[in-house]
There are 4 protein chains.
Amino acid sequence: MIIYAEILNTRDTMVLKTLFLNCTIKKSPKVSHTRGLCDDIAKVYEKEHGVQCDFVRVVDYTVPSGLKSDMGDGDEWPMILKKIKKSDIIIVGTPIWIGNISSVAQRVFERLEGTYSEGNKGNGQYPLYNKVGGAVVTGTEDGGHFCAKTINFCLYRFGCTIPPGADCYWVGPAGPGPSYLDAEGSKHLYTNRTKRTLVENTVFMANLLKKNKITTNLLEVEEKAVAESRGSNEVEWRSLK
Amino acid sequence: MIIYAEILNTRDTMVLKTLFLNCTIKKSPKVSHTRGLCDDIAKVYEKEHGVQCDFVRVVDYTVPSGLKSDMGDGDEWPMILKKIKKSDIIIVGTPIWIGNISSVAQRVFERLEGTYSEGNKGNGQYPLYNKVGGAVVTGTEDGGHFCAKTINFCLYRFGCTIPPGADCYWVGPAGPGPSYLDAEGSKHLYTNRTKRTLVENTVFMANLLKKNKITTNLLEVEEKAVAESRGSNEVEWRSLK
Amino acid sequence: MIIYAEILNTRDTMVLKTLFLNCTIKKSPKVSHTRGLCDDIAKVYEKEHGVQCDFVRVVDYTVPSGLKSDMGDGDEWPMILKKIKKSDIIIVGTPIWIGNISSVAQRVFERLEGTYSEGNKGNGQYPLYNKVGGAVVTGTEDGGHFCAKTINFCLYRFGCTIPPGADCYWVGPAGPGPSYLDAEGSKHLYTNRTKRTLVENTVFMANLLKKNKITTNLLEVEEKAVAESRGSNEVEWRSLK
Amino acid sequence: MIIYAEILNTRDTMVLKTLFLNCTIKKSPKVSHTRGLCDDIAKVYEKEHGVQCDFVRVVDYTVPSGLKSDMGDGDEWPMILKKIKKSDIIIVGTPIWIGNISSVAQRVFERLEGTYSEGNKGNGQYPLYNKVGGAVVTGTEDGGHFCAKTINFCLYRFGCTIPPGADCYWVGPAGPGPSYLDAEGSKHLYTNRTKRTLVENTVFMANLLKKNKITTNLLEVEEKAVAESRGSNEVEWRSLK
């Protein structure tokens with residue numbers, strides 16, 4: 001197929017990079033089951049697609065709350081953000097606590113708010129544009145859908161594209177029970193199916209976007225939106241600031 | 001219009017089709033504010049991108065509950081599903097009720113479950129693969145994020161790709177108040193900004209996917225997943241069925 | 001049973017009534033796993049607390065979309081609402097579809113919106129005040145927390161009180177699998193623990209509220225709120241209507 | 001003040017205590033709009049009901065991630081938990097970030113997991129039993145329902161009772177805009193209505209529970225649940241531990 005061949009040719013040096021943001025609430029060297037599932041996914045990225053995988057266990061770093069990309073005072077988020085910006089695929093991995101993403105994952109999204117103000121000067125696109133997003137979730141039970149939903153929502157709002165099947169999760173039956181590694185989750189069919197679908201589709205989409213950058217000009221979007229919104233509260237509010 | 005002509009030239013017969021599934025709970029001919037916002041979005045699709053827009057007000061049809069693509073007995077879902085399959089961009093529009101998507105929108109997603117069993121014989125892809133999804137939400141107040149999150153989660157699970165900024169919503173301040181059309185929502189800057197971002201990014205992605213179909217083979221994914229999951233509960237359960 | 005007799009003695013004719021609104025999407029006579037779990041819960045209500053249990057399988061009735069308590073044209077919601085009003089404990093049972101409550105459950109909440117305009121003339125309390133709410137959720141996998149959260153949120157907004165542990169759910173591990181009855185869910189410890197906690201706490205609270213009606217006067221609340229909100233958008237909007 | 005005096009008479013020494021856990025992500029002395037709304041609510045508690053109000057701005061303390069009630073190493077959560085245990089009404093206040101509760105609020109709920117293992121020796125009830133919960137949410141726009149839902153779900157799972165109308169929120173219209181204090185949110189009718197309903201109903205319920213402790217014996221619940229769950233995965237898993 002012509003297009004495919006063309007992709008292969010021009011891709012040579014185009015080795016994809018996947019960054020796993022592991023949002024476990026447990027610091028190293030404690031076992032992270034979320035990391036366990038991320039590892040299983042990374043194997044498929046690496047062995048079957050030659051994708052370079054990198055991991056950041058966010059809780060091991062000093063990431064204070066705040067909405068700017070650098071909060072100063074030993075803030076280590078800038079280093080993490082740098083890795084995010086260099087990646088083609090961003091996978092946010094979270095354990096489930098009380099049915100929600102972890103406080104560490106929520107912190108990551110709060111900090112990503114800072115990227116809204118780092119728009120490209122030419123087209124206004126935020127730094128996560130042209131990247132591909134996905135979600136990985138583990139819990140002893142229940143909450144995979146909701147956490148995946150929350151993660152991918154945040155990611156597409158920051159600029160990522162979410163391909164089909166962009167989540168992979170493992171949970172056991174209702175109530176307390178063993179976690180991913182203890183339960184031999186890597187033998188669980190559903191998790192393996194979603195793991196492979198996640199990898200295939202994020203790799204396809206990342207390759208596609210690497211060759212075909214999104215052409216949307218957010219500065220023009222803004223200009224047109226402002227023009228048709230005269231008298232809007234927000235227009236007034238912005239003019240006051 | 002120059003941009004439009006240029007698109008027609010370079011994209012030949014590839015005129016895109018957007019389908020709006022309006023999930024208002026009010027039957028015609030009552031005013032639907034969700035339709036109002038969809039209309040404003042359709043204008044941008046049509047005038048600035050030459051996209052053909054079609055609307056289905058789901059509540060006007062007989063769509064019984066169930067999980068198959070045809071429940072018989074006067075079920076009109078098959079006609080709606082046909083339109084969905086012919087579209088390149090699928091926009092689900094919902095009003096907000098008690099912070100959730102409408103019962104009509106939830107019904108749509110339940111019925112789309114039937115498409116999981118209509119995988120392509122060659123590669124197993126569900127019918128919504130290679131389509132682009134997006135969400136439109138209106139309410140007198142609060143719930144835009146949650147409803148957008150829910151809609152786009154469902155859509156990417158059924159096969160759609162979700163590009164950056166794939167939602168547009170309008171809500172007023174906390175509590176009861178006028179709805180979109182009565183409040184002149186079409187002058188609201190934020191809504192117009194997200195409206196235009198939604199259109200630009202869905203058009204870009206739909207054109208890209210029209211020329212570059214996703215190559216993932218879900219049958220191979222399944223085969224590999226089963227192979228590495230011997231002894232899994234689900235494998236056992238499936239063998240019992 | 002001693003406890004039961006004691007309740008009957010001290011609480012006279014106060015036999016409690018629990019209504020289960022089963023929001024399965026499958027019509028009778030198909031097997032409803034949600035009903036299966038409701039039955040197990042009802043046994044505890046009846047045998048250990050002498051509570052009268054009633055069931056409504058909402059999908060078997062004509063319940064059109066809409067926001068009024070009677071939409072006319074064969075609407076059977078008024079009959080269901082009557083049962084709700086006569087109950088002390090309201091349990092909404094839902095299956096999980098794509099991580100959300102069923103379209104039937106969402107329809108129930110949309111229709112309950114009508115009760116906001118049926119405030120008591122003396123104190124403005126909605127018809128569900130002084131009742132106790134709870135959630136029952138079943139799915140082949142994942143979503144119990146989110147559905148419980150959604151149900152109990154709606155219920156407390158309509159006037160119910162939500163006691164501790166007011167939800168009971170059963171789900172299997174991630175992915176497709178057998179449903180509650182097929183999986184012998186009634187032997188699942190976590191589900192049985194939450195089942196019994198739900199029953200004990202709703203019975204306690206219902207008895208308490210039966211003897212101690214909430215004294216809040218919503219008409220006075222409104223008066224004071226309006227007085228301190230002069231110039232508010234909503235005040236203006238209401239005066240225009 | 002008459003109402004207050006009357007309460008003191010009929011309720012003796014039962015002065016209620018409300019604790020506001022302000023989960024802003026901004027450290028003191030920055031302005032917290034969530035605190036602004038909490039202050040307005042506290043005024044009603046204090047002036048109209050003689051309730052003692054206390055505030056904890058969680059982000060000002062060292063609250064590391066973890067699931068135990070004391071993580072050591074300068075962990076200040078034990079001090080906060082002590083205040084929680086002494087309160088009758090617990091109000092969790094959160095700003096909205098990307099449609100979710102703040103990372104600080106999520107951290108609070110993660111830390112409250114530790115209370116599950118602090119059950120009363122006599123009846124197994126967790127420390128938050130017999131307390132009343134409620135939610136306060138502020139944002140420049142959208143997300144009030146979802147955050148309230150999440151907060152009250154967590155609270156009733158930890159043992160709190162959630163009375164009708166147990167949330168109060170303020171949000172502006174869709175998109176960026178001024179926050180609560182800047183927008184004169186304290187003149188917003190809906191917010192004032194929910195503020196007063198929240199206060200009235202939590203005070204009523206807290207007084208009721210102060211005089212009528214929940215009688216549920218969770219140890220007996222457990223015993224019965226285990227007895228009817230022989231062979232359950234969880235029973236097996238627990239026996240292995």
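Convention: sequence-line order gives letters A, B, ...; per-chain numbering from 1.
- The contact between C:Ile101 and chain B is made by backbone and side chain atoms together, counting heavy-atom distances below 4.5 Å.
- For a residue to count as touching a neighbouring chain, one of its non-hydrogen atoms must lie under 4.5 Å from one of that chain's; by this rule C:Pro176 touches chain B with backbone and side chain alike.
- Without hydrogens or angle criteria, B:Glu110 side chain to C:Ser103 main chain gives a donor-acceptor distance under 3.5 Å.
- Heavy atoms of C:Ser102 lying under 4.5 Å from chain B belong to its backbone as well as its side chain.
- With a threshold of 4.5 angstrom between heavy atoms, B:Phe146 approaches chain C through side-chain atoms but not through N, CA, C or O.
- Around CD of B:Glu223, the count of heavy atoms belonging to other residues, nucleotides or ligands within 6.0 Å does not exceed 12.
- Here C:Trp237 contributes atom CH2 and B:Thr140 contributes atom OG1; the two are 7.0 Å apart, rounded to the nearest 0.5 Å.
- C:Arg107 CZ to B:Gln106 CD: the interatomic distance, rounded to the nearest 0.5 Å, is 11.5 Å.
- For the atom pair C:Ile25 CD1 and B:Glu113 CD, the distance stands at 8.0 Å (nearest 0.5 Å).
- The line from CG of C:Leu67 to CH2 of B:Trp97 is 4.0 Å long, rounded to the nearest 0.5 Å.
- Under a cut-off of 6.0 angstrom, the local environment of CD in B:Glu184 is sparse, with at most 12 non-hydrogen atoms contributed by other residues, nucleotides or ligands.
- Within the model, atoms CG of C:Asn100 and OG1 of B:Thr150 stand 6.0 Å from one another, a figure rounded to the nearest 0.5 Å.
- If you measure heavy-atom distances from C:Phe158 to chain B, the contacts under 4.5 Å come from the side chain alone.
- Each of B:Pro173, B:Ser65, B:Cys154, B:Pro178 has some count of heavy-atom pairs under 4.5 Å with chain C, and the biggest count is that of B:Pro178.
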